Amino acid sequence: MANWPERLLPGAPYPLGATWDGLGTNFAVFSAHATRIALCLFDPSGRREIARFDMPECTDEVWHGYLPNARAGLLYGFRAWGAYDPQNGHRFNHHKLLLDPYAKRIAGELRSADALFGYRVNSPRGDLSFDRRDSGPGMIKGVITDDSFNWADDRPPAVPWSDTVIYELHVRGASMMRRNVQANERGTFAALADPEFIDYLRRLGVTTVELLPVHAFVQDRTLLQKGLRNYWGYNTIGFFAPEPRYLSDNTPDEMRIAVRRLHAAGLEVILDVVYNHTAEGSELGPTLSFRGLDNASYYRLVADNPRHAVNDTGTGNTLNLSTPRVLQMVMDSLRHWVTSYHVDGFRFDLGVTLGREPHGFDPGSGFFDAIRQDPILSRVKLISEPWDIGPGGYQLGQHPPGFAEWNDRFRDGVRRYWRGDPGQRADFAARLAGSADFFDRRARKPWASVNYVASHDGFTLADTVTYAERHNEANGEDNRDGHLENFSANWGVEGPTDDPEILETRHRLQRALLATVLLAQGTPMLLAGDEFGRTQGGNNNAYCQDNEISWIDWGQAENGEGQALRAFVARIIDLRHRHPVLHAVRFLHGQEELLPGILDIAWFDASGEEVSTDSWNNPEEYRLVLRRASRNGEDTVTILTAFFNASAEEHVFRLPPPGLPALVLIDSAFPYAPERKLETPEIAVGARSVVLTLSVLSAQEQRTEGT
């Protein structure tokens, strides 16, 4: 046991958290309403408290002290004294060990027990009662860290937004069923760094890996009681620490190595982050960190009844980013992941919550202002989920410049078009053009629309064409959870079938849906496994399925259909990278004439005529032609024409005037077919299929044709 001093030295109020300087450690923690805070040290098992020190100083509401000889690897936590007055928003209970909000590494696994709660769980007075049991032995602890790491020549790939293709992936699910990975490394960053997997991503052609939450999170008590686990990880308790289960060697450097290897392959890493709420849940939840340190500062409380937490997130609590120190914690956390882990950006879960001020959502909120002016954070990729469940919670297109947004209108509109719903053609066209109706404002660019037809939340792509209804029975909620409307169809049989006609329809639609995502203006995003037909058995809310339902079965990627679909996706991604007009850096409005009769973007009917107002309004028209053109050099124009046929029959399209010679690049009805010259001004487009053609025209050629 170390020979600790009787008391802490004053230390400094900055930086917050535990900062080791080689001789000792400075501890600093925010609380505006505590009357006393103590630092508690634990033995390596985390079960026994070995020392306790009062924090000797409080400066600007930051409690701080310095402990000589406290080295990296030491386990610690805090206890806070103050009023236990829930009716006025205060829930201090010094019997509860509290995790440092700035802990950079976490030890132990939370043992669900009544002692974790600040009140007597079974008391008739509910949360107005006070619990005196010590939660220390069963609590997770912070670990003092040495954050030095040799990054050598690591540099961010800095993929331009317009070139970005996102691959949404779960660290654990990506490797739990991979046979080439050692058992102890499955589900961890070590497996993510595997050269074979990185080579797979490169061959597919994606540029950016977006990881579901990797911040340390805890398991929901209600799920554990059902024999389930929180799989997605949207239950954060540590905003500065990687999830321990994702580290096979129990050191954060494993994540740094994974990022470095992905960077070496030219791949970016984006983190899905959860700053809208914490794992402590509602006012009836456990006291693990923020609630015990200063409930009234960290959380938004109901104005006229602060006993209750505001629940704009649907998880029981909402972090109060209007509190300067809470906003600082979020900014410090974001900078930590960029500077200490070299990540390339963030996707903000329930981003609307982060932009809420007392009067509601505000694109000029403190959070958006702070992040946009930050010299580090303003330079990385920023993506928002533009909704929450609070008042005015749907804000697609309303975020400030610098942010991209998940576009669920793209997902739903594209699914409905290919399902054959009437009256979808005009909306489908708007989504293909980058959803300018939502995003073409304040000098934003098409990349602001993150286009997808499947994500972790909802049906996979294969399930979208296999199930008409959700099948969430395994979640233990009598199939009541998850989205009720998925804009999906089973095409004759609910679930798996051997019917060749149904299977052919499903395969065609998967190719058409993926082609639509990759050919549309905006930033395409693929859900991992969709490129080879991954299924979750119809579960559209698999957040609690840490098993084969959610894990990626890479065996599917090796069967015939899986290989074919994967090759098709890689081929379109390659075309997208090769042809700038498929990822234009600005919105196209059909107002720029590149050559006589050739606009930057134009829409045609299957007859080759421009779409008229009456035709746009025809609810039974399921065919559409999109032509985009870009200038190469002074007088050469590249023209890419996409033919979409969502009907159940093959149809012969006529090329738009002037009927240029064309090369067929992709025909989703025949995914193996090589590129071919089109010999006539007409082209047959199969049922529920997409064809893409290329023409190159110079001004001289057009003048010659004109004479």
Side-chain angles (χ1 to χ4, degrees), residues 20 72-73 103-106 143 145-161 163-176 178 180-182 184-216 233 238-273 332-347 375-383 528 552:
W20 181 58
K104 295 175 182 175
R105 180 179 159 198
I106 292 176
V143 183
T145 61
D146 174 6
D147 290 331
S148 60
F149 180 77
N150 183 7
W151 285 99
D153 60 349
D154 179 76
R155 291 180 177 84
V159 179
W161 259 117
D163 296 343
T164 301
V165 180
I166 296 174
Y167 191 75
E168 193 196 24
L169 182 70
H170 191 287
V171 170
R172 183 167 168 82
S175 57
M176 288 302 293
R178 280 185 46 213
N180 71 309
V181 176
Q182 296 181 29
N184 68 307
E185 293 185 346
R186 290 176 186 164
T188 71
F189 279 102
L192 190 67
D194 177 59
E196 185 175 319
F197 179 66
I198 292 175
D199 184 59
Y200 173 89
L201 297 176
R202 292 187 64 186
R203 285 185 284 111
L204 186 62
V206 298
T207 67
T208 307
V209 177
E210 181 177 305
L211 302 178
L212 267 71
V214 301
H215 289 176
F239 293 112
F240 292 77
E243 166 55 32
R245 287 198 307 158
Y246 298 166
L247 304 172
S248 66
D249 64 3
N250 203 32
T251 67
D253 283 352
E254 184 176 312
M255 179 176 172
R256 295 183 174 100
I257 292 169
V259 172
R260 185 173 173 185
R261 287 186 178 174
L262 287 161
H263 279 183
L267 295 163
E268 296 180 312
V269 178
I270 288 177
L271 302 185
D272 191 336
V273 289
D332 287 348
S333 169
L334 291 168
R335 281 190 294 269
H336 172 68
W337 293 101
V338 175
T339 59
S340 188
Y341 287 86
H342 286 204
V343 303
D344 304 285
F346 303 94
R347 180 263 189 190
I376 293 174
L377 300 179
S378 62
R379 299 170 64 187
V380 302
K381 286 187 165 73
L382 304 169
I383 304 171
I552 297 178

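All heavy atoms count here, side chains included; hydrogens, waters and symmetry mates do not. Since we're looking at a predicted model, the values are computed, not measured.
For the residue pair Pro213 and Gly233, the shortest heavy atom distance occurs at CB-O, 3.4 Å. Shown here for Ala193 and Ile198, the closest heavy-atom pair between the two residues is O-CD1, 3.7 Å. The shortest non-hydrogen separation linking Gly266 to Val159 is O-CG2, 4.3 Å.
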message: Is there a side chain to side chain contact (heavy atoms under 4.5 Å, CB included) between Lys104 and Ser340? Walk through the geometry before answering.
response: CA-CA 10 Å; Lys104 295 175 182 175; Ser340 188; over 6 Å; no

- request: With side chain to side chain contact (heavy atoms under 4.5 Å, CB included) as the test, would you mind laying out the steps for Trp337 and His215 before giving the verdict?
  value: CA-CA 10 Å; Trp337 293 101; His215 289 176; 3.0 Å; yes

message: Set out, in order, the CA-CA distance, both residues' side-chain angles and the distance that settles side chain to side chain contact (heavy atoms under 4.5 Å, CB included) for Tyr246 and Leu192, then state yes or no.
response: CA-CA 10 Å; Tyr246 298 166; Leu192 190 67; over 6 Å; no

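In summary, of the residues considered (Arg178, Arg186, Arg261), a salt bridge (charged side-chain N to carboxylate O under 4.0 Å, His left out) with Asp194 occurs for Arg178 alone.
Side-chain atoms of Thr207 come within 3.5 Å of backbone N or O of Val165 as a donor-acceptor pair. Using a distance-only test at 3.5 Å, with no hydrogens or angles considered, no donor-acceptor pair links the side chain of Arg260 to the main chain of His342. Between the side chain of Trp161 and the backbone N or O of Lys381, no donor-acceptor pair lies under 3.5 Å. A distance-only check finds no donor-acceptor pair linking the side chain of Gln182 to the backbone of Asn184 [under 3.5 Å]. Not one N or O on the side chain of His263 forms a donor-acceptor pair closer than 3.5 Å with the backbone of Asp154. No donor-acceptor pair closer than 3.5 Å links the side chain of Arg172 to the backbone N or O of His170. Ser175 places a side-chain N or O within donor-acceptor distance of the main-chain N or O of Gly187, the cut-off being under 3.5 Å. Here the side chain of Thr145 pairs no donor or acceptor atom with the backbone of Asp147 at under 3.5 angstrom.
In this pair, Tyr200 and Phe197 present their aromatic rings parallel. The plane angle is below 30°, not in the 30 to 60° band.
Using a 4.5 Å cut-off on side-chain heavy atoms (C-beta onward), Val171 and Met255 make no contact. Under the 4.5 Å side-chain criterion, counting only non-hydrogen atoms from C-beta, Glu210 is in contact with Ile383. A heavy-atom distance below 4.5 Å is not found between the side chains of Tyr341 and Val214. Side-chain contact between Leu211 and Val343: absent, with no pair of heavy atoms (C-beta onward) separated by less than 4.5 Å. Using a 4.5 Å heavy-atom cutoff, the side chains of Leu267 and Val269 are not in contact. Taking the side chain as every heavy atom from C-beta outward, Asp344 and Thr208 never approach each other to under 4.5 Å. In this structure the side chain of Arg256 never reaches within 4.5 angstrom of the side chain of Phe189, judged on heavy atoms. Within the 4.5 Å cutoff, side-chain heavy atoms of Asp146 are placed close to those of Trp20.
A distance of 5.5 Å separates CG in Leu169 from CD1 in Ile552, rounded to the nearest 0.5 Å. Atom CG in Leu382 sits 8.5 Å away from atom CG in Leu334 (nearest 0.5 Å).
Using a 4.0 Å cut-off between charged side-chain N and carboxylate O, Arg335 and Asp332 make a salt bridge. Of the charged side-chain nitrogens involved, at least one lies within less than 4.0 Å of a carboxylate oxygen, so that Arg347 and Asp272 count as a salt-bridged pair.
There is a side-chain donor-acceptor pair under 3.5 Å between Ser248 and Glu254. At a cut-off of 3.5 Å, with distance as the only test, no side-chain donor of Asp253 or Thr251 sits close to an acceptor on the other residue.
Other residues, nucleotides and ligands contribute over 12 non-hydrogen atoms within 6.0 Å of the CZ atom of Arg203.
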